[in-house]
**Student:** 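Below is one structure. I have some questions about it.
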Amino acid sequence: MKNALTIIPLRVVFQIIKYGKMGRQTTLKIGVHELKLRFWLIDINYQIINREPNILMWGVSESGERVLVVDRRFRPYFYVVPRKGVDIEMLKAKIMKLNNVRSPILSLEAVEKKYYGKPIKVLKLVTLMPDQVPAYREAIKNIPEVEDCLEADIRFYMRYLIDNDVQPSGWNEAEVVEHPSPLKASVDKQYILTGNIRRVESSILPQLKTVSFDIEVLNPLGNPRPEKDPIIIVSVVADGKSKVQFIADGNDDKPVIKSFVEFIRKLDPDIIAGYNSNGFDWPYLVSRGKHVGIKINVNRFGGEPHPSVYGHISIIGRANVDLYDFAEELTEVKVKSLENVADYLGVMEKDKRILIDWTEMAEYWNDPSKRPIFIKYAMQDAESTQGLAEKFIPFGIQLSSLTGLPLDQVVAAAVGFRVEWFLMREAYKQNELVPNRIERPYSTYKGAIVLEPKRGMHENIAVLDFTSMYPSIMIKYNISPDTYVGTDENIPEHMVWKAPEVGHKFLKSPPGFFTRVLKALIELRAKLKEDLKRLSPDSPEYRVIDERQRAVKVLTNAMYGYLGWTGARWYCKPAAEAITAWGRELITKAIDIARGLGLKVIYGDTDSLFVSYVPGKIDELIRLVREELGFEIKVDKVYKRVFFTEAKKRYCGLLIDGKVDIVGFEAVRGDWAEIAKEVQERVVNILLREGSVEKAVEYVKGVVDDVRNHKLPLSKLIIWKTLSKKLSEYEVEAPHVAAARKIVERGGKISAGEKIGYVIVKGSGKLSNRAYPYFMVKMEDIDSEYYIDRQIIPAVLRILGYFGVTEKTLRLGREPSKQRTLFDFFASGRKK
DNA sequence: GCCTTGAAGTTACCG
DNA sequence: ACCGGTAACTTCAAGGCG
């Protein structure tokens, strides 16, 4: 069955083939068999061939062949919106005067579209070459009768995907013939589209050839220079198992680069995965290649990787995926090194692998006895990368087919752009025009409510939350840019929903663009979840559909934020503002209902409420919220004990299943020293599980002692902070900025977005002066008192302070009289 | 000139 | 380059004092 014929001869069509050099073309009409080809789309681009734009779709056929499907027929276009009252035929004539042989207007027709839900007649201008679109736009938008030009900034191949409903990272069916004049491309078969192309729904993935790789550069200062520093090792994992390494002989890396390039060309992978490969490996390979005279011609056209949209590197015909892009969304991992992420995901345990800091690399490489360890380390990096690829790429594939962005782009694109491409596809299907992206000043609006927590230890607390609060609000009140009723519009009150506090109005009907999209997304997710129930959790389809429902969820939840993003095409501040206003009203009313039932409300944030766990009353609360407010609320979790300080957004609790939750505190932040986080976590555990303040205090004292005596690894003292902008842009010399400068002074390279790991050394004056990059410092230089006074004690007192523990106690000795047991502090349930 | 204080700058979290 | 709300740290400059 696997080798079943997938290319079915359909009918004989007449194919017009042009050949010959420019200006001397001969046309030939021949009969060829048209076939129906099913292929999974990996990448798409376009190329001008014979003075025509050709859409090139790179994919895998059902029978596992690499295919290139070419469509020569598609032409770029955009819309011209006439000003009110302008005669469209007159405008058409005026625009046609711009027509010329060099950039011909292929057609200019009036079409009926909708713009923000309103019917509108616009002109659709079709040109020959994609680059003529912006040229015509610039010329036309200044015509006095023209209101605006729309959709003139959509990349040609994206236009193609949208208009033909072709899905990247998914199956498509195309009516094709074998390409009469195949291009020089590394594929098994080439076809040319003669009929239709359409998407095919399927939860089966093709066998994709995947390669994971990692390069090692000998860099003495942490600042690899392509003119000098060789690529000493390239490690590769092919198809999830075969491991290959290219290792330099001495410092000559020419053979390494050359054989790696040959290897890729020969293996011809569909997906190439790296870790920070957009930021480092590919750019370095290309510039180093340039320096030593080797072309990194690894794309399916025999060309080099090149920088493309969203800061990613494009390799034509393949999906070049930088797994770091996924890691960025893993908020649990604070320092996103490959080994940390792999460890977190269970791909490769950190303490069971070789770790070599870049500072030690030269030493390992130059010492013949240590070099094998270094080589093994490099291989482990590629293996970790491969492990990450297996964890992340299935989700990326679903995001890609859902949003319509090619895999390599969707991974690199920010959330806002993913939402936007999804919306643009929907807009096309619904005959809606896409608004232009315009530059707007940043603008704020009021957000959610956060309740003042009831300080102290509470027992038996349920956490209730609204199910998808913002999407539900959007659907219920039909909030969308096209249903928004401006203050100058006169619409009867009964026809609109009016937001509390802010007073923004939205038409009750018809359903707006966002409402329709959200309903469809929510229905789709429900359907996918149903499908999951019918599948075995170990089946490949289960994984595919599960990742798909996750992708749908992510998109649904980002819809509100998108409306409030000033960079959004469908930006609509009143809509975003109304959503949060209704959200505030909702939670306030829910609190009132809870209190009315006699439930104590301990805390709440945006869409959640912490209330005393009285099952009967909770059920009643859920019912009342459903019936009186029209929203769904559910019990998310139940705490046996939960502890709040006076601070919002910070609490810790013991769940009924025995798990300890820490929210917001230092222990879950990435910018505190590991030792402080570790101690705080342990203290929280002792307190919540055992209820012993004394035990916690004793434990802290022990650690304080260890720190004083330097009885811990330096790594636990490193404070990691992101350098969010260029060094020159800082107004204040913060410690991590000062540490970063010290790296630069030493010859290292630091760029915006990097995490700086620093420690505080002994001395006087500003902290910044005493902040040094961790690799420049020895344990004996460490200022232990800083770590005790400004890291461990504050983190610990945040919790223990409530129980009467003082700084003095922790530093010097105990004050038993002042300490009470945990059970003296229950703020509820004990004093009847 | 020294010390206190509060504003400003900065980061990372919560939902 | 999805939102606002929030805690907490360090720096920095202004203001008070002598």
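These numbers come from the heavy atoms of this one structure, side chains and all, not from hydrogens, waters or symmetry mates. Here is how names work: the chains are called A, B, and so on, in the same order as the sequence lines, proteins then strands, and each is numbered from 1.
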**Student:** Please work out whether the ring planes of A:Tyr651 and A:Phe644 are parallel, tilted or perpendicular, with thresholds of 30° and 60°.
**Tutor:** tilted
**Student:** Using 30° and 60° as the class boundaries, would you call the ring planes of A:Phe610 and A:Tyr603 parallel, tilted or perpendicular?
**Tutor:** perpendicular
**Student:** Do other residues, nucleotides or ligands put more than 12 heavy atoms under 6.0 Å from the NZ atom of A:Lys634?
**Tutor:** yes
**Student:** What nucleic acid atoms does A:Thr580 come within less than 4.0 Å of, heavy atoms only: base, sugar-phosphate, or nothing?
**Tutor:** nothing
**Student:** Can you name the residues that form a side-chain contact (heavy atoms from CB on, under 4.5 Å) with A:Glu328, not counting sequence neighbours?
**Tutor:** A:Tyr324, A:Asp325
**Student:** Is the backbone N or O of A:Ser724 less than 3.5 Å from a side-chain atom of A:Thr722, with the two atoms forming a donor-acceptor pair by type?
**Tutor:** no
**Student:** For C:dA8 and A:Arg798 - does any side-chain N or O of the residue sit under 4.0 Å from the phosphate oxygens OP1/OP2?
**Tutor:** yes
**Student:** Does A:Thr645 reach a base, just sugar-phosphate, or nothing at all? Heavy atoms under 4.0 Å.
**Tutor:** nothing
**Student:** Do the ring planes of A:Tyr477 and A:Phe631 sit parallel (below 30°), tilted (30 to 60°) or perpendicular (above 60°)?
**Tutor:** tilted
**Student:** Along nucleotides 10-15 of chain B, 5' to 3', which nucleotides get a B, which get an S, and which get a -, given that the test is a protein heavy-atom distance under 4.0 Å?
**Tutor:** SBBSBS
**Student:** A:Asp783 CG to C:dT10 P: how many Å, rounded?
**Tutor:** 12 Å
**Student:** Would you call A:Asp783-A:Arg770 a salt bridge at under 4.0 Å N-O?
**Tutor:** yes
**Student:** Mind calculating the distance between CZ (A:Phe514) and C1' (C:dC3) to the nearest angstrom?
**Tutor:** 13 Å
**Student:** Between residues 563-579 of chain A and DNA chain C, which residues have a heavy-atom gap below 4.0 Å?
**Tutor:** A:Gly564, A:Trp565
**Student:** C:dT11 P sits how many Å from A:Asn769 CG, rounded?
**Tutor:** 8 Å
**Student:** Given atom CZ of A:Phe417 and atom P of C:dC3, what is their separation to the nearest angstrom?
**Tutor:** 11 Å
**Student:** For the side chain of A:Asp322 and the backbone of A:Ser277, is there at least one donor-acceptor N/O pair under 3.5 Å apart?
**Tutor:** yes
**Student:** Rounding to a whole Å, what distance do you find between A:Arg790:CZ and C:dT11:C1'?
**Tutor:** 12 Å
**Student:** Closer to the 5' end of DNA chain C via nearest nucleotide, is it A:Ile449 or A:Gly561?
**Tutor:** A:Gly561
**Student:** In plain terms, say whether A:Lys648 and A:Asp605 are close enough for a salt bridge, that is, a side-chain N and a carboxylate O under 4.0 Å apart.
**Tutor:** no
**Student:** Rounded to the nearest angstrom, tell me the gap between atom NZ in A:Lys766 and atom C1' in B:dG9.
**Tutor:** 13 Å
**Student:** Between C1' on C:dC9 and CD1 on A:Ile793, what's the gap in Å once rounded to a whole number?
**Tutor:** 17 Å
**Student:** Can you measure A:Met469 atom CE to C:dC3 atom P for me and round it to whole angstrom units?
**Tutor:** 20 Å
